[in-house]
Amino acid sequence: MDIIVNGEPRSIAADATLVALLEAEGLTGRRVAVEVNGHIIPRGRHGTHTLAQGDQVEIVHALGGG
């Protein structure tokens with residue numbers, strides 16, 4: 001199925017969860033905020049939130065520094 005991630009088209013498996021997407025993007029274990037179709041999805045729901053055809057996903061990850 002096709003979705004948009006940070007403005008770029010991606011093809012993912014049907015019924016993929018946010019966790020699967022984060023794994024595919026190499027962001028497992030990173031501190032990220034995820035928004036799907038304009039709604040922030042809490043970290044506790046990443047494993048159960050299933051993506052759908054055409055979803056628009058924005059992923060923002062924190063960078064450390066000082």
Side-chain angles (χ1 to χ4, degrees):
M1 110 181 122
D2 298 316
I3 63 171
I4 304 294
V5 178
N6 293 349
E8 299 290 327
R10 297 279 196 288
S11 290
I12 61 171
D15 297 325
T17 64
L18 282 176
V19 166
L21 176 62
L22 293 172
E23 288 173 354
E25 296 291 315
L27 296 172
T28 304
R30 305 270 311 261
R31 294 179 65 173
V32 297
V34 182
E35 180 182 279
V36 178
N37 301 324
H39 301 283
I40 294 175
I41 308 300
R43 172 177 269 182
R45 291 189 36 220
H46 288 183
T48 59
H49 185 91
T50 303
L51 295 164
Q53 173 71 26
D55 276 351
Q56 302 240 353
V57 181
E58 294 292 327
I59 303 171
V60 178
H61 52 92
L63 298 175

Check your understanding: Excluding sequence neighbours, so at least two apart, what forms side-chain contact (heavy atoms from CB on, under 4.5 Å) with D15?
Key -> T50

**Study point:** Results of side-chain contact (heavy atoms from CB on, under 4.5 Å) for E8 - residues two or more places apart only
**Key:**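 R10.
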
Check your understanding: Once you round to the nearest 0.5 Å, how far does NE2 of H39 lie from CD of E58?
Key -> 13.5 Å

Could you pull out all donor-acceptor pairs under 3.5 Å where a side-chain atom in residues 26-37 meets a protein atom, sequence neighbours excluded?
| unit_1 | atom_1 | unit_2 | atom_2 | d |
| --- | --- | --- | --- | --- |
| R30 | NH2 | H61 | ND1 | 3.2 |
| N37 | OD1 | Q56 | N | 2.8 |
| N37 | ND2 | D55 | OD1 | 2.8 |

Point to revise | D2 versus S11, closest heavy-atom pair with distance | key: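 Scanning both residues, the minimum pair turns out to be OD1-OG, 2.7 Å.
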
Review point. Minimum heavy-atom separation for G47 to T17, with atom names?
Key: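 That closest heavy-atom pairing would be O-CG2, 3.4 Å.
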
Review point. Has I40 got more than 12 heavy atoms of other residues, nucleotides or ligands less than 6.0 Å from its CD1?
Key: no

Check your understanding: side-chain contact (heavy atoms from CB on, under 4.5 Å) between I41 and L18: does it pass, once the steps are laid out?
Key -> CA-CA 9 Å; I41 308 300; L18 282 176; 3.6 Å; yes

Check your understanding: Would L21 end up clustered with M1 when hydrophobic side chains under 4.5 Å apart are linked, directly or stepwise?
Key -> yes

Exercise for review: State plainly whether one hydrophobic cluster holds both I59 and I12, where clusters connect Ile, Leu, Val, Met, Phe, Trp and Tyr through side-chain heavy atoms under 4.5 angstrom apart.
Suggested key: yes

